[in-house]
2 protein chains.
Amino acid sequence: MANIKEIARQAGVSVSTVSRVLNNHPYVSEEKRNRVMDTIKQLKYARNMNAVHLITGRTMNIAIMLPFVNHVYFSALMEGVGKGALSASYRLILCQTGYSQDKEREALDMLRNREVDGIVVLSSSISPTEIEAYCAYGPVVCCQDAGERRFSSVYINHTEAFRKAIRYLIRKGHRHIGFTVGRMDSPSTEARLIAYREMLEELGEPYRKEWILDRCLDIEDGAAIMERLFVMKERPSALLVTGDHVAAGLIYEAERRGVSIPEELAVIGFDNHPIGRMLGLTTIDNQLLQMGEMAFAILHEHIEGTQTAPVRHELDFELIERASV
Amino acid sequence: MANIKEIARQAGVSVSTVSRVLNNHPYVSEEKRNRVMDTIKQLKYARNMNAVHLITGRTMNIAIMLPFVNHVYFSALMEGVGKGALSASYRLILCQTGYSQDKEREALDMLRNREVDGIVVLSSSISPTEIEAYCAYGPVVCCQDAGERRFSSVYINHTEAFRKAIRYLIRKGHRHIGFTVGRMDSPSTEARLIAYREMLEELGEPYRKEWILDRCLDIEDGAAIMERLFVMKERPSALLVTGDHVAAGLIYEAERRGVSIPEELAVIGFDNHPIGRMLGLTTIDNQLLQMGEMAFAILHEHIEGTQTAPVRHELDFELIERASV
DNA sequence: ATACAGGATGAAACGCATTTCAGAGCAAGC
DNA sequence: GCTTGCTCTGAAATGCGTTTCATCCTGTAT
């Protein structure tokens, strides 16, 4: 309940001196410093950070916008951002949007409202152009390639990664390749389609809409894929699965049904999650942890002012060969 | 950049009127309300929430303290808390502690510093007694049973749940039962040991230290259990595994090594995670989502002042019979 | 005509810590 | 002896929105 004024009064100094003690400024005599610190302890004084935020114009909070927390992809990214934030003494404010555009705008508004010093967008449903409008109020970093923008981004080149996975499958003799996506209209799906179409062209294969399996987000969606494959007249011999958890579900269900992997169905996952390592899943490591850390690092530079121009940082990816192809 | 004073000046009204418009108070004439709203739009005014927080003494933020975000148990709990927070317009500030006591105190200090209106502790390393000291500064809700305390808690009765699982195993003919834990000195481990010792007594079985497998947190730890079982002279015929992910690792590895489940090894998981449903894992549903939601609901009541006394809310659990026993 | 309730409005106090500025005291340098 | 440059200190301005209180006005009840 006590405030800085009360401390000053009881310690017999001015509020400025108390503030100096609080902030470890030099130029306070040992004697007064001790007196102030004693009074602080006696009165169990705790600073009202809201006043600090108001006067300094900084909150040491950053917002992290994502559709849902309970998903391995976002957990990993979040872990990375959190790691960076922790070591720089920033706090993370969770903005779980469920891809609701209103919620997303609400999150971005925190920047306008000075509630946060910056925001990292893991995934959003509103357009990059709309996000761009918020750059006037503070730094924004996105974990998706959004092209040349007024905000920074950290991403992996999904087209390139997909191309690499496809090439690998072709080298292994596959011509009938399908893939799964989380949602059809996401930027990464778009990026993947580019590489996919390229491949079809090259192999002279037709575009089979049903080989692009939509709404594959978690392990059970993965298990459900088998059923979807069984009802197809023509089945792909290989599947690129976005997410090791989805792939794990698929592999499990394949085993249960006696479909042998990789002989009857080759699978490549994404994310390089522990579950994939355990299952011997060939996967693309897309460096989620590093991406999160890098996102924070860049945001931090923007906040500190050491970097004012938006940066686009493309991360490497790596094909990890295991036993599912 | 504009502030309420500037809006007032340009709209030709007082700051009080602007504030009233901002907060949808009645008693503002239609005409002035419109004038103010127009000016707000023109100047692209955004409220400085830090000033609001300072004057109102509330931030609409709550802290959520947990060791790591990248873990299914905490993800599920967090999802629940987040759900509640969202619908009550509260923000979640993530305090990832890694069980560092300093970090935990830092999180609790946010309460003293008025940075948050309340805090929910999912799991902590510091003692309940130390947490209790912070209750003077604001409401705290823990997701573990800490006995009669000055803070509220939401929990499941781990002893009871364990007992139920053990009874079930005994009914199925098992006498040699082991179990896994995340860390040996956690409150839930203690609770489980009570039921476990009871069972040993009843069956007249000796306490075999090696049948309590420590440090089992994720899927790979689960897979590693098989190796640990193989080097034992005597092996348990059934294992209670804390976490469906750990159990999934174990099941997978058992299959790989040709150990049939449940014939050679029966397994009961915890958490009722989708991965367990997929694998036909018998498990105890400990209502993580509901626990998170309930934790927030109680915290909310404390913040609103509708509930001032600490409450202890014990949640039900449910044994879900599937094929692993 | 009088009283009273309620709508509408603005001035001012309030919440609290940081920072600038001015000034005092004192030592070192010329 | 005088200037320069620290060290140390406090008064006051600052950041910005909310809320209380007093006041004025208008319509309705008596």
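Every chain is numbered from 1, with letters handed out A, B, ... down the list of sequences.
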With respect to Tyr99(A), which candidate in Ser186(A), Ser123(A), Ser125(A) satisfies the side-chain hydrogen bond (donor to acceptor under 3.5 Å, both in side chains) definition?
Ser123(A)
Restricting to non-hydrogen atoms, name the atom on Leu111(B) and the atom on Asp117(B) that form the minimum distance, rounded to 0.1 Å.
CD1-C, 4.1 Å
Given protein heavy atoms under 4.0 Å, the one-letter contact record of nucleotides 4-13 of chain D, with B base, S sugar-phosphate only and - none, is simply ---SSBBBB-
Strictly below 4.0 Å: does Arg33(B) bring a side-chain N or O up to OP1 or OP2 of dA8(C)?
no
In whole angstroms, how far is the P atom of dC16(D) from the NE2 atom of His53(B)?
15 Å
When you measure from the side-chain N and O atoms of Asn23(B) to the phosphate of dT18(D), is any distance below 4.0 Å, counting only OP1 and OP2?
yes
Can Glu6(A) and Arg9(A) be counted as an ion pair, charged N to O under 4.0 angstrom?
yes
Over how many whole Å does the gap from Asn48(A) atom CG to dT18(C) atom P extend?
10 Å
Whole angstrom is fine here: how far is it from CG in Leu43(B) over to C1' in dC16(D)?
16 Å
One thing to verify: whether Glu304(B) and Arg58(B) come together as a salt bridge, which I'm taking to mean a side-chain N less than 4.0 angstrom from a carboxylate O.
yes
What is the distance, to the nearest angstrom, from the CD atom on Glu6(A) to the P atom on dA17(C)?
11 Å
Ion pair check, Lys83(B) and Glu79(B), cut-off under 4.0 Å:
no
NZ of Lys5(A) versus C1' of dA17(C): gap in Å, rounded?
12 Å
State whether Asp102(B) and Arg105(B) are salt-bridged, where the test is any N-O pair (Lys NZ or Arg NE/NH1/NH2 against Asp/Glu carboxylate O) under 4.0 Å.
yes
Under 4.0 Å between a side-chain N/O of Tyr45(A) and OP1 or OP2 of dA17(C), yes or no?
yes
